[in-house]
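See below for the structure under consideration.
Letters A, B, ... are given to chains in the order of the sequence lines, protein chains preceding strands, and every chain is numbered from 1. The basis for the numbers below is simple: all heavy atoms, side chains too, and nothing from hydrogens, waters or symmetry mates.
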Amino acid sequence: MEWDTFALTTAVIPVVFFASSTYIPGIMRKIQARIQLRIGPPILTPGFWAIFKFIYKERITPVSPMPRLYHALPVIGIFLMFFILLLTTPAWSGVLGLATLVAIAGLVKVEEALYIFMGNLSQSILSVRMPYPDRIKGAIMKGATRRSFEQVAALRTFKLISIGSFPLYLGMFVPAVMAGSISIMSVAAYQGFDTAAFGIRDIFSLSPLLFTAPGLVGALAYVAGYLVVLNEYPFSIMHTKADVIEGPSLEYAARARAAYYLMKEATLIVMSSIFVTLYIGLPPVVGWALVPHLLLCLALPVAAAIISAFTPVLTFKQVYPLSLGCTALGVVGVILAIL
Amino acid sequence: MLKEISRKNAVHIMLVYTGGCNGCDIEVVNAVMSPFYDMEQYKVMLTWNPREADILAVTGPVTKKFEKALKEIYEAIPEPKLVAAIGTCAITGGPYANLGGDLGSSDQIIGGVAKVIPVDANIPGCPPRPEDILQAVASVIPLLAGKR
Amino acid sequence: MADTDRKERAEVEVPLGIVHSALLEPFRTRLFVDDEMVVDAEITYDTAHRGIERIMEGMPVQKGLILTERICGICSHIHIWNGTRMVERGLGIEVPQRAHYIRVIGAELERLHSHLLFFGHAFEILGHETFSMRAFMIREPVQNMLFVLSGNRVHYTIPVLGGIRPRCDIDKQKKQTLLSMLATLEESLIQFRDRTLNDSLIVSRVRDIGYLSKEDAVKYGALGPNMRASGIAYDWRMDVSEYRDNFDFEIAVSDGGMVVDRVAVRVAECIESISIIRQALETLPDEEPVNVSFELGPMEYQVSYNEAARGEIYDSCALDDNGRILSYQNRTPTMSSLSAMEVACIGDHLTDATITIASCDPCLTCTNRMTVIDEARGREYILEPEELRRLARRRG
Amino acid sequence: MKNMFVFMLKGAYDNVVRILFAVDRKTSLPMRKMIVSGGVAYPKTVNDAACIGCGACANTCPVKAIEMVPLEAPVEITPTYVKERRPVLDPLKCMFCFQCHDNCPIFAFYGKPGAIHPRCVGEWTGNIAELLQQPIVMRDSKEYDAVIALLDEKARGLLKEGH
Ligand code: SF4
Ligand code: SF4
Ligand code: SF4
Ligand code: SF4
Ligand code: SF4
Ligand code: SF4
Ligand code: SF4
Ligand code: SF4
C-alpha cells in the first residue's frame with residue numbers, strides 16, 4: 001500500500017461523504033412529503049441550511065452536569081462514523097488489521113451507546129424541570145424519583161442496543177460467511193472487486209451478493225438493522241413524539257445541535273455505504289467509481305423514508321417480536337450462505 | 001451572508017398553548033399538518049424543543065399558571081428568536097380580558113403574551129385562518145435573518 | 001391489582017407537559033412506572049382555567065352566551081347552542097323550526113370535525129405522520145363547509161336567542177354546495193376507514209391497550225364515545241327533542257373498551273353524522289331563521305343537557321330582572337372522561353399510555369374547575385370538594 | 001388474500017408515482033402564491049350594500065375597535081337619508097364579541113344578516129331602502145330603546161319613520 005493513496009483517501013473520502021450527507025435528510029423529507037400529498041421543504045432545507053443556521057445561533061450552556069462532555073458526544077460520533085467509513089476503503093484495509101466486520105460492528109455499538117450518555121447527561125425544560133406546581137392528589141406515589149425524558153430515552157436505547165441490533169450484525173455477517181472471511185476487502189473481492197486497479201468501467205464486472213438468495217435475505221435483515229441504528233420509524237421509540245419528544249438530543253442547541261445533525265447525517269450515509277460495500281461489492285474508492293457508490297448510498301435512506309412514512313412508532317411489545325423476526329431472517333440468510 | 005441565507009432557508013417553529021380555547025391551536029396545527037396548507041413548503045418546520053426553535057408561536061391568553069413556564073421556555077430558545085402571538089387572546093387577552101367591561105376582566109389570566117415576553121408579530125383573528133398564520137410567519141422570517 | 005401492590009411497584013414518576021407534543025393542551029400528566037409499565041397515572045389540569053363562569057356573572061345574557069362559545073374552540077357550537085336553548089326554554093322564546101335544523105347541522109359538522117381532529121391527533125401520537133395528514137386532509141372539507149355555513153372555520157357563532165344569526169342561514173346555493181361537499185367527504189372518509197382499520201401495524205398499536213371496563217366507565221364517569229366504546233348505549237341526542245323528533249339516526253356502541261373501540265365508535269359516529277346532516281339539508285323547513293321579538297326578563301334556575309362530540313355537556317343558569325346572568329355553570333365531558341383514562345392507562349407501556357389518554361380525546365380548555373391563588377402566601381392549589389364545602393359554610 | 005395483494009400492489013404503484021412525479025398533490029398552489037406574495041387579506045367585515053352608516057356598531061364596541069370613516073362620496077339610501085360614514089373594523093383590537101353584529105339595526109330590528117360581522121360578513125344583498133320601510137318587529141321595549149340609543153341622530157329619525 002502506497003502512502004499517497006492512503007493519505008489521499010483519508011483526506012478525500014470523509015470530505016466527500018460529509019458534503020453529500022447533508023442532502024440526504026432533504027431527500028428523505030421530500031419523499032415523505034410527496035407520499036403525504038404535499039410539497040414539503042426544499043431539499044437543502046432540513047439537512048444543509050439547518051446546519052448553518054444552528055452554527056450561527058447563540059451558544060448556550062446546556063443544562064447538564066458535564067456540559068463540555070455533553071457537547072463533545074456528537075463530535076465523537078462524527079469521528080467514529082468516518083473512522084468506520086475509512087476502514088471500509090481499500091486504502092485502509094491493511095491498517096492495524098482493523099478493517100474487519102468485527103471491528104466495525106463494535107464501533108457501531110459504541111456509536112449507539114453515545115445516546116445513552118447523551119440521555120444521562122442532560123435535562124431539558126420539557127419534563128421534570130417544567131415550572132409547574134405539581135400536586136399529589138391521591139395518586140399512589142411512593143418513590144420521589146422523577147425520571148426525565150432523557151433518562152427514559154437512555155433506558156430505551158439500552159434495550160434497543162441489546163435486542164435491536166442483531167439484525168444489523170447478522171446482515172453484516174451474511175456476506176462474510178459467503179466470502180469465507182471477515183475482512184471487508186475479501187468480501188468485496190469475492191464479488192469481483194479488484195483492489196489493485198479499479199476503474200469505473202469495472203463496475204459491470206461486479207457480481208453483487210445482493211442478487212443471490214442468501215444475499216437478499218441478509219440485505220433485508222440489514223435494512224431492518226439500519227432502521228434500528230438510525231432510530232428511524234418504526235424503531236424510533238427512543239425519541240418518539242408520543243412521549244419523550246426528542247429524547248437524548250433535547251438539550252442540544254446552536255453549534256452542538258449542528259454537530260448532532262451532522263452525526264445523524266453521517267450515520268445515514270456511512271451505514272448505507274457499508275451496505276453498498278458488502279452487498280454490491282463496491283467500496284468507497286478515490287476516483288470516478290465513487291460517484292456510483294454515492295448514488296447507491298441513497299438506496300437505504302430512500303427505503304427508510306418510505307418505510308417510515310407508512311409505519312407507526314412501535315413499542316417494545318412490537319419491537320421484540322419484530323426484531324426477533326428479523327434476527328430469524330438474518331439467521332436464515334446465514335444458513336443459506338453456509339449452504 | 002451565509003448566516004442570512006441559512007436563517008431564511010431553515011426555520012423551526014415551536015408552539016405553546018398558554019390556555020386559550022383550542023381554536024387557535026387547531027388552526028396552527030392545521031397549517032402544519034394539513035397537506036392543503038403545508039407549512040414546510042415555506043421552509044418552516046415544526047419542533048417541540050425550545051433548544052431547536054427560532055420562532056415561538058403562542059396561542060391563547062397567558063393564564064397565571066402558565067406565566068413562569070412561558071418565560072422559561074422563551075429563555076431556553078437561543079438567539080435569534082421571534083415570538084408570534086396568534087389570535088386575539090394572545091394579542092390582548094381576548095374576550096376573557098375585555099368582554100367583562102365594567103365587570104372587569106378575569107382574574108385568572110394575565111392577558112396578552114406581550115405582558116410576559118416581547119412579541120414580534122401579532123396575527124389577528126379568532127382564530128386566524130391557517131393562511132393568515134402562514135403569511136404572517138413567512139413574512140417575519142426576514143426579521144430573523146436581520147438579527148445579530 | 002391491589003393498591004398496596006401498586007404502591008410497591010411504582011418506583012419512578014415520569015412527568016409530561018405542560019408543553020408536550022402528544023398531549024397538546026397545557027396539562028400535566030404524571031405517570032408512575034415500573035420499568036416502563038404504567039402503574040398509576042395522575043393528570044393535573046388547571047392551567048387553562050380562565051374563570052369564564054366567574055366573569056359571566058352580571059353580564060347581559062346575550063353577551064354571556066357569546067362567551068360560552070369561547071369555552072372551547074372544538075366544542076364551540078354545542079356550548080353556545082346548549083346555553084341558548086336553556087335560556088330560550090326558561091324565557092319561553094319561540095324558535096323557528098328552521099333554526100333548529102341549522103343548529104343541528106352545525107352540531108353535526110362540529111362532531112365530524114372533532115372526530116376527524118381526533119383521528120389526526122391519534123395518528124400523530126402513534127407516530128404515523130402520513131395518516132395523520134390524511135385525516136387532516138379529510139377534515140379540510142368539513143372546515144370549509146363550516147366556513148360556507150357561517151363565515152368562520154372555528155367558532156361559527158350560529159345560534160342567537162330566538163334562532164340563528166341570519167348570516168348562517170342556508171339558501172338554495174349554499175345547500176347545493178354543502179350537499180356536494182358532504183358527498184366527497186363521505187367517500188374519502190369511508191376510504192380512510194377501510195385503509196386504516198385494515199393496517200395490521202396500526203391495529204397492533206391500538207388493540208389490547210387502554211382497557212376500560214363497563215363498570216369502570218360508570219364508576220369514573222367516562223362520557224360520550226368513551227362510554228359507548230365500553231358498551232353503554234347512551235347518547236343525549238336520544239333525549240334532545242331537536243334530534244329525536246326530526247331525524248333518524250343510530251347510536252354506535254362497542255363493548256371492547258379498548259383504544260381501538262374508541263376509535264371505531266367515532267368512525268361510526270362520523271358516518272351517522274353525515275346522514276343526519278343530509279337529512280337536515282334535504283328537509284329544511286322554509287321560514288325565517290330567527291325570531292327577534294321576545295322579551296328578556298327574570299329567569300328561574302334552568303338546566304340543559306346536550307351531547308357534544310365528546311360527551312354530555314350541562315349548562316345551568318339563572319337571570320335577574322334585567323336579563324343579566326346571576327350565575328352560570330357549565331360542565332363538560334372531558335372532565336370526567338379524563339379521570340376514567342387515568343385508570344384505563346394502568347398496565348400499559350409508557351408510550352401506549354399517551355395514546356390511551358388521547359383516545360378519550362382530551363381537551364382541557366373547558367375542564368378546569370376552580371383554582372385558588374393565594375397570593376399572600378404565594379401558593380396555589382385546587383379546591384377539593386371537602387374544602388369547598390367548608391369554605392361555603394364559612395361564607396354562608 | 002388475492003384482494004389484499006392487488007390492493008397492496010396498487011398502493012405501491014400509487015406511491016411510487018407520487019414520489020416520482022408529485023401527482024395527487026393536495027397542497028393548494030393558488031394559496032401558496034397568495035401567501036408568498038403577501039396577498040392574504042382579512043375577510044370582508046362590512047357589507048357596504050346593507051350598511052346605513054348609523055354608527056351603532058362603533059358606539060357599542062367595548063374595545064373601540066370600530067371607527068366610522070367619512071365616505072368620499074355619500075350614498076343616498078332613502079330620499080331623506082344620506083349615508084355619510086362607513087364603519088371600519090380593526091381586527092387587531094377586536095375580540096369577536098358580536099356586539100356590533102347583534103346591535104346593528106339591520107339584524108336587531110329586521111332579522112336580516114347584520115351589515116357588520118367581525119369574521120366574514122358574507123354576501124347578503126337585499127334592498128335596504130325597502131327594508132327600512134318595513135315595520136320593526138316589536139320586541140322588548142327595553143331592548144328596543146337600547147339599540148335606538150346607539151344610533152346616531154339622523155339614523156334614529158330614519159328608523160322611527162319606519163317604526
Ligand atoms: S383568539 Fe379566539 S380562537 Fe383563539 S384562543 Fe382566543 S378565543 Fe380561542
Ligand atoms: S371551569 Fe372551565 S369553563 Fe369554567 S371558568 Fe374555568 S376554565 Fe372556564
Ligand atoms: S370537552 Fe373538549 S372539545 Fe368539548 S368543550 Fe371541553 S375542551 Fe372543548
Ligand atoms: S383537543 Fe384533543 S385533538 Fe385537539 S389538541 Fe387537544 S387532545 Fe389533541
Ligand atoms: S362548585 Fe365548581 S363548578 Fe360549581 S360553581 Fe363552584 S367552581 Fe363552578
Ligand atoms: S362533586 Fe358533587 S355535584 Fe359534583 S359530580 Fe360529585 S357528587 Fe356530583
Ligand atoms: S350598525 Fe350596522 S348599519 Fe350601522 S354603521 Fe354599523 S354596520 Fe352599518
Ligand atoms: S365583535 Fe369586535 S368590533 Fe364588534 S363589538 Fe365586539 S370587539 Fe367590537
Can you tell which part of C:I209 gets under 4.5 Å to a heavy atom of chain A, answering side chain, backbone, both or neither? side chain
Pick one of side chain, backbone, both or neither for C:R134, based on which atoms fall under 4.5 Å of a heavy atom in chain A. side chain
Looking at side-chain heavy atoms only, is the closest gap between C:V14 and A:Q151 below 4.5 Å? no
Taking the side chain as every heavy atom from C-beta outward, state whether A:F149 and C:H20 have any pair of such atoms under 4.5 Å apart. yes
[X] atom [atom1], over 12 foreign heavy atoms within 6.0 Å:
{"X": "A:R59", "atom1": "CZ", "result": "no"}
{"X": "A:Y70", "atom1": "OH", "result": "yes"}
{"X": "A:E58", "atom1": "CD", "result": "yes"}
{"X": "A:F166", "atom1": "CZ", "result": "no"}
{"X": "A:K109", "atom1": "NZ", "result": "yes"}

With respect to chain C, which residue among A:D243, A:I245, A:I125 yields the maximal number of heavy-atom pairs within a distance under 4.5 Å? A:D243
Among A:V152, A:T315, A:V244, the one residue meeting side-chain contact (heavy atoms from CB on, under 4.5 Å) with C:T351: A:T315
Positive for side-chain contact (heavy atoms from CB on, under 4.5 Å) with A:P312, one of C:L126, C:D199, C:V203: C:L126
Region of A:I237 that comes under 4.5 Å of a non-hydrogen atom in chain C: side chain
Under 4.5 Å from any heavy atom of chain C - which part of A:F310: both
Among C:T29, C:L201, C:L31, single out the residue with the greatest number of heavy-atom pairs under 4.5 Å to chain A. C:L201
N/O donor-acceptor pair under 3.5 Å between [X] side chain and [Y] backbone:
{"X": "C:H128", "Y": "A:V313", "value": "no"}
{"X": "C:S21", "Y": "A:K241", "value": "yes"}
{"X": "A:Q318", "Y": "C:S204", "value": "yes"}

Just verifying a value: how many Å separate C:T130 OG1 and A:I35 CD1, rounded to the nearest 0.5 Å? 6.5 Å
How long is the span from the CZ atom in A:R146 to the CZ atom in C:R30, to the nearest 0.5 Å? 6.0 Å
Going through the distances and angles, do C:I18 and A:M130 end up as a side-chain contact (heavy atoms from CB on, under 4.5 Å)? CA-CA 7 Å; C:I18 47 184; A:M130 180 66 75; 3.9 Å; yes
So, for [X] and [Y], which heavy atoms are closest and what is the spacing to 0.1 Å?
{"X": "C:D208", "Y": "A:K317", "result": "O-NZ, 4.3 Å"}
{"X": "A:A242", "Y": "C:A22", "result": "O-CB, 3.3 Å"}
{"X": "C:V33", "Y": "A:R147", "result": "CG2-NH1, 4.2 Å"}

